Amino acid sequence: MSWGAESGAGVQSVMTFLKWLESTQLAEFIRESEWAFPAVESVHVIALALVVGTIAIVDLRLLGLASTSRSYAELSREVLPWTWASFAFAAISGSLMFVSQPVGYFGNSAFRIKILLLCLAGINMLVFQFLTGRGAARWRPEDAVPLSGKIAASLSLAFWITVVFLGRWIGFTMTPA
Amino acid sequence: MEAFAQWLAGTSFSHGVQRTLWLIPVLQSIHILGIAVVLSSVAMIELRIVGVVKSQTMIQTAHRFLPWLWAGLILLAATGILLIVGEPKRSLPNPAFQLKMLMLALALAVALAFRASLRPNTTFWTRSSNARRLTNALAILAFLLWCAIAVAGRWIAYIRVE
């Protein structure tokens, strides 16, 4: 296995941690069990479908492509709590999949890019929430969404769709334990 | 079914799909995006039926999300059929796939019955009655049924058929 330019004490301690994680009983159980990994993966698919779908509902409103009769504030207040609940399930199930083979996932390029894009999607959301979209609570349904909101929505859709593709790609590029 | 899978796997179109290594994961990814559209649309409609979310009327909610449900299902059917053509022996004789199709037929029947029930009963959704409670239970069951279809789909990859 090649780690490219990465070497030194930092990577060393990360690897030590990942190897320890891989040796835990939980990791062994998910790896060895006939049903545990597919069960966790099933939860992950349902959760991620709800995350991406509900985010798309909000993004399409910002872009003016759907739910245009409703205010952005009301729609997001109704939809986003379900996004967060689903995200919690996706994060927990995703972590369990990671724990089963931490060294393998850590070395997988699709996994790394996926995590990077998840962080970018989070930053994009924070920027909109606290900077560019601060006045969103006062937007009326008939008001045009400012360009910054449309850019945030486009980025969000692009990030999440790519995250779905990368997630499926991980399944095809990971070597089975 | 076995014979059909055998024949389909031998066609040149199937060979084409099999040979293009990136095609199966790409089709599966689009399939997952279709699942996102369908599950989220169903979830929004069921949340309105149960009354957890009610700033829109039932009719408004159905008009907003039913077209997306049908569009998502068409996307799922298109990518699903291509996935079957690519790997017929993986899916057609697979008990998980067969159960998935059975549950899909049931879920579609429920969705069509829901759509048919919308027009004549516009006041039904604002009333409170035993019928409403039964509808709430059905709505939750219908959502779980769509989830079960997705789970059965994932399980196709884990049940080996020889």
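These numbers were taken from a predicted model, which means no experiment stands behind them. Chain letters run A, B, ... following the sequence lines, proteins first, then strands; residues in each count from 1.
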State plainly whether one hydrophobic cluster holds both B/Ile159 and B/Ile156, where clusters connect Ile, Leu, Val, Met, Phe, Trp and Tyr through side-chain heavy atoms under 4.5 angstrom apart. yes
As an exercise: rank A/Ile57, A/Val43, A/Val45 by heavy-atom pairs under 4.5 Å with chain B and give me the winner. A/Ile57
If one checks every heavy atom of A/Trp82 against chain B at 4.5 Å, the contacting part turns out to be side chain
Between B/Cys147, B/Ser41, B/Gly34, the one whose heavy-atom pairs under 4.5 Å with chain A are most numerous: B/Cys147
If we only count heavy atoms from C-beta on, is the A/Glu78 to B/Arg48 side-chain gap below 4.5 Å? no
CH2 (B/Trp68) with more than 12 external heavy atoms under 6.0 Å: no
Between B/Leu83 and B/Ile74, is there shared hydrophobic-cluster membership here, with clusters defined by ILVMFWY side-chain heavy atoms closer than 4.5 Å? no
With a 4.5 Å heavy-atom cut-off, do B/Trp146 and A/Ile46 have their side chains touching? no
Please determine, by modelled atom types, if B/Tyr158 and A/Glu34 share a side-chain donor-acceptor pair under 3.5 angstrom. no
Do A/Leu65 and B/Leu69 sit in one hydrophobic cluster, given that two such residues count as connected whenever their side-chain heavy atoms are within less than 4.5 Å of each other, even indirectly? no
Tell me which pairs pass ring-ring contact (aromatic ring centres under 6.0 Å, His included) where either residue lies in residues 22-78 of chain A, with sequence neighbours left out. A/Phe29-A/Trp35, A/Tyr72-A/Phe128, A/Tyr72-A/Trp139
Top contributor to chain A interface from B/Ile35, B/Ile24, B/Leu47, B/Val37 [non-hydrogen pairs under 4.5 Å]: B/Leu47
Side chains of A/Phe165 and B/Ile32: does their closest heavy-atom pair fall under 4.5 Å? no
Chain A interface, residue from B/Ser40, B/Gly72, B/Ala152 that has the most non-hydrogen pairs under 4.5 Å: B/Ser40
Tell me, for A/Ala66 versus chain B, whether the close heavy atoms (under 4.5 Å) come from the side chain, the backbone, both or neither. both
For A/Leu60, is it the side chain, the backbone, both or neither that has a heavy atom under 4.5 Å from a heavy atom of chain B? side chain
Proximal component of B/Val26, with respect to chain A [non-hydrogen, under 4.5 Å]: both
Within one Ile-Leu-Val-Met-Phe-Trp-Tyr cluster: B/Val42 and A/Phe89, side-chain cutoff 4.5 Å: no
Does A/Glu142 have more than 12 heavy atoms from other residues, nucleotides or ligands lying within 6.0 Å of its CD? yes
Do you reckon A/Phe159 sits in the same ILVMFWY cluster as A/Leu80, going by side-chain contacts under 4.5 Å, direct or chained? yes
With heavy-atom distances below 4.5 Å as the criterion, would you say the side chains of B/Met44 and A/Val79 are in contact? yes
Within 6.0 angstrom of A/Phe172 CZ, more than 12 heavy atoms from elsewhere: yes
Rounded at 0.5 Å granularity, tell me how far OG in A/Ser67 sits from CD in B/Gln60. 10.5 Å
Please report the interatomic distance CG(A/Leu75) to CZ(B/Arg64), rounded to the nearest 0.5 Å. 7.5 Å
Minimal non-hydrogen separation, A/Val164 against B/Leu33, with atom names: CG2-CD2, 3.9 Å
Donor + acceptor pair across side chains of A/Arg70, B/Ser55 (<3.5 Å): yes
